[in-house]
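Working notes, structure below.
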Amino acid sequence: MNLPFKYGKIIDDDFFVNRTSEIDFLKRNIKSKINLTLISPRRWGKSSLVSKIARSMAKDEKKIKFCFIDLYNVRNEEEFYNYFATEILKASYSKWDERVENAKLFFKQIIPKFSFGLDPNQEFSVSFDWDNISKNQQEILDLPEVVSKAKNIQLVICLDEFQNLSFFDDPLSFQKKARATWQKHQNCSYVLYGSKRHMMAELFENKSMPFYKFGEVILLSKIETHHWQEYIIEKFKSTKKNISIELAEFLTQKVENHSYFVQQLANAVWLEVNKACSKEDIENGLDKLLLQYELFFSREVDGLSNLQLNLLKALAADEKELSSKKTIKKYNLSSSASVNRSKEALIQKEIIDVFEKKIEFIDPIFKIWINNTYNKRL
């Protein structure tokens with residue numbers, strides 16, 4: 001029997017939970033060619049949300065085409081331009097000869113080079129000479145608009161891991177060029193999102209950055225408990241197992257409604273259950289996850305300073321007044337200035353994040369591990 005819960009990859013419709021209001025809002029904006037930016041902590045389902053919208057709109061909107069570009073491994077401008085052009089041509093034309101023919105028409109100042117594999121329709125890429133690109137980037141940045149006009153369609157360019165632009169040699173210069181070009185486009189639109197919330201917030205919420213006010217910014221929230229309850233109960237039922245509404249809530253709140261971790265814990269619990277889920281099954285499933293990640297969490301802690309680890313202990317214990325004399329003394333945090341420095345360091349290390357003015361562990365299972373390992377001694 002296949003496992004009934006899914007995580008760690010793009011979620012298809014059978015494993016998708018709610019987000020109906022966000023989907024409706026995003027669809028309306030996409031149809032209106034409004035640029036969008038999705039911001040939320042890691043593993044909250046941004047990529048799955050955009051993928052679901054694309055699948056849904058593909059059925060009803062024949063003139064809207066989605067192009068997905070994952071910038072995870074892109075670290076410089078040359079890689080970006082080659083990859084950007086390749087994916088746009090692949091999304092716009094299904095046959096390799098159409099891609100080649102139209103690329104030659106679209107690029108006036110630069111000469112594209114084409115590469116093919118055994119299946120040229122699938123294994124296709126385009127590249128450019130860097131000296132040539134450096135003087136004519138405009139042609140590549142304009143490609144979505146040019147293709148949209150030529151085919152009388154609306155290309156929706158979905159750029160995942162967008163914060164990786166910050167790793168370019170001269171990121172500000174590139175962002176200025178991209179913003180100056182893309183804001184003029186009338187026939188295509190852009191959806192920008194990434195897994196590092198603090199970097200994305202810097203790009204889009206800082207008034208001094210080129211992409212400030214580029215489009216509509218959506219702060220993605222957690223999925224509410226009652227939606228998770230319905231989903232978990234149905235998944236158990238579909239495999240002839242049962243879980244009560246109370247225990248489905250208990251499971252969800254154990255990992256603080258984090259999408260990835262609800263699905264992960266639900267899978268671990270499901271494996272423990274014979275017919276009807278008990279609270280002990282949930283605790284056993286969680287214990288197995290904690291054991292599974294023991295080595296990883298231990299290594300994470302080894303890379304922290306004493307002050308950073310002490311702050312994690314306070315956060316795991318849900319201390320509210322981190323800079324109070326009482327909390328500083330209890331957790332040996334030195335001073336309020338040290339608290340702030342440690343907090344920023346933990347954000348940079350992607351261990352915690354600040355969302356809606358609340359500090360949260362990016363991995364709620366790590367929070368449980370910190371409590372079990374250290375706070376039981378206090």
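Keep in mind that this is a model prediction, so the values were computed, not measured.
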Task: Within 6.0 angstrom of Lys27 NZ, more than 12 heavy atoms from elsewhere - done: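 Correct, the count exceeds 12.
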- [ ] Would you name the heavy atoms of Gln154 and Lys31 that are closest together and state the gap between them?
- [x]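 Scanning both residues, the minimum pair turns out to be OE1-O, 4.1 Å.
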TODO: List the atom of Tyr212, the atom of Arg179, and the distance in Å for their closest heavy-atom pair.
DONE: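 Taking Tyr212 first and Arg179 second, the nearest heavy atoms are O-NH1, 2.7 Å.
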Taking the ring centre of each residue, are [X] and [Y] less than 6.0 Å apart?
{"X": "Trp182", "Y": "Tyr190", "value": "yes"}
{"X": "Phe16", "Y": "Tyr231", "value": "no"}
{"X": "Phe204", "Y": "Phe162", "value": "yes"}
{"X": "Tyr293", "Y": "Trp369", "value": "no"}

Task: Aromatic plane relationship, His258 with Phe261 - under 30° parallel, 30 to 60° tilted, over 60° perpendicular - done: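 Answer is perpendicular, since the angle exceeds 60°.
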- [ ] Fit a plane to each ring of Phe84 and Phe80, take the angle between them on a 0 to 90° scale, and name the class: parallel (under 30°), tilted (30 to 60°) or perpendicular (over 60°).
- [x]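 Parallel, since the angle between the ring planes stays under 30°.
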- [ ] Answer yes or no: is there an ion pair linking Lys184 with Glu145, defined by an N-O contact shorter than 4.0 Å?
- [x]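 Judged by the 4.0 Å cut-off on N to carboxylate O distance, Lys184 and Glu145 do not form a salt bridge.
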Open item on the list: Can you see whether Trp270 has Lys235 sitting over its ring - NZ or CZ less than 6.0 Å from the centre and within 45° of the normal?
Closed with: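 Verdict for Trp270: no cation-pi partner in Lys235.
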Open item on the list: Ring of Phe15, cation from Lys9 - is the NZ or CZ under 6.0 Å from the centre and inside 45° of the axis?
Closed with: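 Not satisfied by the 6.0 Å and 45° rule.
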